[in-house]
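One structure is given below, encoded as structure tokens.
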Amino acid sequence: MTSLPGRQVRGFLCLRKGRAPSLQGRRRVLAISVHEAGIIYRVSMLILNKTAGVFSKPSKRKLYEYLRSFNFHPGKVFLHKLVLGIETSCDDTAAAVVDETGNVLGEAIHSQTEVHLKTGGIIPPVAQQLHRENIQRIVREALSLSKVSPSELSAIATTIKPGLALSLGVGLSFSLRMVNQFKKPFIPIHHMEAHALTIRLTNKVEFPFLVLLISGGHCLLALVRGVSDFLLLGKSLDIAPGDMLDKVARRLSLIKHPECSTMSGGKAIEHLAKQGNKLYFDFKPPMQRAKNCDFSFSGLQHVIDKTIMQKEIEEGIEKGQILSSAADIAAAVQHTIACHIAKRTHRAILFCKQRNLLSQSNAVLVVSGGVASNLYIRKALEIITDATQCTLLCPPPRLCTDNGIMVAWNGVERLHAGLGILYDTEGIRYEPKCPLGVDISKEVGEAAIRVPRLKMKI
């Protein structure tokens, strides 16, 4: 590489060491040439290739094409902290680069939905293999779009808990190889914490706030008092709502429905429910006598399975064929789930206000996770927040599902707070099962707060 003038080198090293130079010093910082930028990028990407076990070398043509799209400006210097987030907790391989101000510089994602639709659900070894096949490409795409080389990152943040063990292992192994190669700090991320804090990327939300996380693998209510300070108010005692919706969709064979063949189970139920009568079937919300904030969905699913079997007998069709009443079942299921989730959330708001854990006049309820994109459930929660003078906030739908942006942003939040930043990754392990925060659900149940009945006109 071309040698650098002394004053410019000193300015450059000042930035590399994390010290902001003076105005005069910044003016002296090297305006790196495109040629030099290409060398830096090429070296970084070659190391990244080796990190992933791929020793291919980019052609000159590809390098020049990349540099032309790089828009590298003379004097361009990254003064912000830059975090690479990597997410492989379940069935999506995702990565993103986010700076400390919340700007998403680049992101990439590979969805496994189409594959798992064909197999009737997520098969962990299949998900693991798909992560292995795509993680290097996804990370490279995120870095390429962000125009950031691995050497310019402030830290690498990766989901290590909770999730599918085989999937978590792929992300952690890849990340640790990058961390070791580029000598970067590592920030282990709790998947649920990342979902909970995503709203602070898109909205100005101060602590504390209440969060409802509803997805295919999780369902919980928690008070968020800080970046890593959570009080767990309630959780699902069995399966998650997204898991239940997927199972009902499979039982109804909605993949064979012409309008739903390319949709996930939850999306198929939501779509078909618009055509059905939610009152045609009288499914009762679970746990109506339990005065706590816990959830349960397995009993309801059992009742629905029996109803579907009975309707198949009545209509004289075999299992696997589409019922004429499929839309009505979908509508009733969605409505019952929405009412169950809304009532438990209502109690959580009342509990927090009673204990002065939330503002009486400016309380915020954040709803995140894959099921949060269900607009019917959101409307049910709007009825609750209107009745309790709360503000309901949801991240954009693309940030409700698993993504690299939320992981990178969680890393930024932890950098700001100085929490969980590892410079030595010896002994770090993934955790398939892991609670969130301090569990006070027993205290919530003992409070036995009565929830006023609201008309759920959705």
Sidechain-backbone polar pair: R347 side chain, N292 backbone, donor-acceptor under 3.5 Å | yes
Test item: L415 and E100 side chains (from C-beta on) under 4.5 Å apart, heavy atoms = no
Counting N and O atoms only, with roles assigned by atom type, does the side chain of R250 sit under 3.5 Å from a partner on the main chain of G265, one being a donor and the other an acceptor?
-> no
May I ask you to decide whether D439 forms a salt bridge with K235, counting only side-chain N to carboxylate O separations under 4.0 Å?
-> yes
Evaluate side chain to side chain contact (heavy atoms under 4.5 Å, CB included) for R251 paired with I304, printing each intermediate quantity in order.
-> CA-CA 9 Å; R251 185 63 185 83; I304 293 164; over 6 Å; no
V227 backbone acceptor or donor facing E413 side chain under 3.5 Å = no
Mark yes or no for whether S146, through its side chain, and L143, through its backbone, hold a donor-acceptor pair below 3.5 Å.
-> yes
I would like to know whether K442 and E446 meet side chain to side chain contact (heavy atoms under 4.5 Å, CB included); could you show each step before the answer?
-> CA-CA 6 Å; K442 186 177 180 181; E446 290 171 350; 3.5 Å; yes
Taking the side chain from H340 and the backbone from F295, do they hold a donor-acceptor pair closer than 3.5 Å?
-> no
When rounded to the nearest 0.5 angstrom, what distance separates CD1 in I109 from CG in N134?
-> 11.0 Å
K379 atom NZ, neighbour heavy-atom count above 12 within 6.0 Å = no
Heavy atoms of C352 and L223 approach each other most closely as SG-CD1, 4.2 Å
Report the distance from atom CG of D246 to atom CD of Q301, rounding to the nearest 0.5 Å.
-> 10.0 Å
Closest heavy-atom contact between K353 and S359?
-> CE-O, 3.6 Å
Name the atoms and distances for all side-chain donor-acceptor pairs under 3.5 Å in residues 382-397, with sequence neighbours left out.
{"residue": "T385", "atom": "OG1", "partner": "L381", "partner atom": "O", "Å": "3.2"}
{"residue": "T385", "atom": "OG1", "partner": "E382", "partner atom": "O", "Å": "3.1"}
{"residue": "T388", "atom": "OG1", "partner": "I384", "partner atom": "O", "Å": "2.8"}

Indicate yes or no: does E259 engage K274 in a salt bridge with an N to O separation below 4.0 Å.
-> no
Distance-only polar pair, side chains of N180 and R177, donor-acceptor under 3.5 Å = no
F207, CZ atom: more than 12 neighbouring heavy atoms under 6.0 Å | yes
Where G411 and I187 come nearest, the two heavy atoms and their spacing = O-CD1, 3.5 Å
How long is the gap from NZ on K267 to SG on C260, to the nearest 0.5 Å?
-> 12.5 Å
Look up atom OG in S261 and atom CG in L254, then write down how far apart they are to the nearest 0.5 Å.
-> 10.5 Å
From CA spacing to verdict: side chain to side chain contact (heavy atoms under 4.5 Å, CB included), V367, R378 | CA-CA 8 Å; V367 185; R378 282 197 193 187; 5.7 Å; no
Looking only at non-hydrogen atoms, find the nearest pair between E206 and R200 and report the distance.
-> CA-NH1, 4.2 Å
Could you pull out the closest heavy-atom pair between I458 and K278, with the gap in Å?
-> O-NZ, 3.4 Å
Donor-acceptor contact present, side-chain K433 to main-chain P162, <3.5 Å | no
What ring-ring contact (aromatic ring centres under 6.0 Å, His included) pairs are there with at least one residue in residues 383-441, not counting sequence neighbours?
-> none
Minimum heavy-atom distance S175-F186, with the two atoms named = CB-CE1, 3.9 Å
Enumerate donor-acceptor pairs with a distance under 3.5 Å from any side-chain N or O in residues 319-329 to protein atoms, sequence neighbours excluded.
{"residue": "Q321", "atom": "OE1", "partner": "E318", "partner atom": "N", "Å": "2.7"}
{"residue": "S324", "atom": "OG", "partner": "E315", "partner atom": "OE1", "Å": "3.3"}
{"residue": "S324", "atom": "OG", "partner": "E315", "partner atom": "OE2", "Å": "2.7"}
{"residue": "D328", "atom": "OD1", "partner": "N277", "partner atom": "N", "Å": "2.7"}

Donor-acceptor under 3.5 Å (T202 side chain, I199 main chain) | yes
Flag, side chain of N103 to backbone of L105, donor-acceptor distance under 3.5 Å | no
Kindly say whether C90 contributes a backbone atom to a donor-acceptor pair with the side chain of H131 at under 3.5 angstrom?
-> yes
Side chains of L233 and I440: closer than 4.5 Å at any heavy-atom pair?
-> yes
Between K184 and V179, is there a donor-acceptor pair closer than 3.5 Å when you use the side chain of the first and the backbone of the second?
-> no
Any side-chain donor near an acceptor of the partner, E107 and N403, under 3.5 Å | no
N410 and H190 side chains, donor-acceptor separation under 3.5 Å | no
Distance, nearest 0.5 Å, that separates CG of L436 from CG of L221 | 11.5 Å
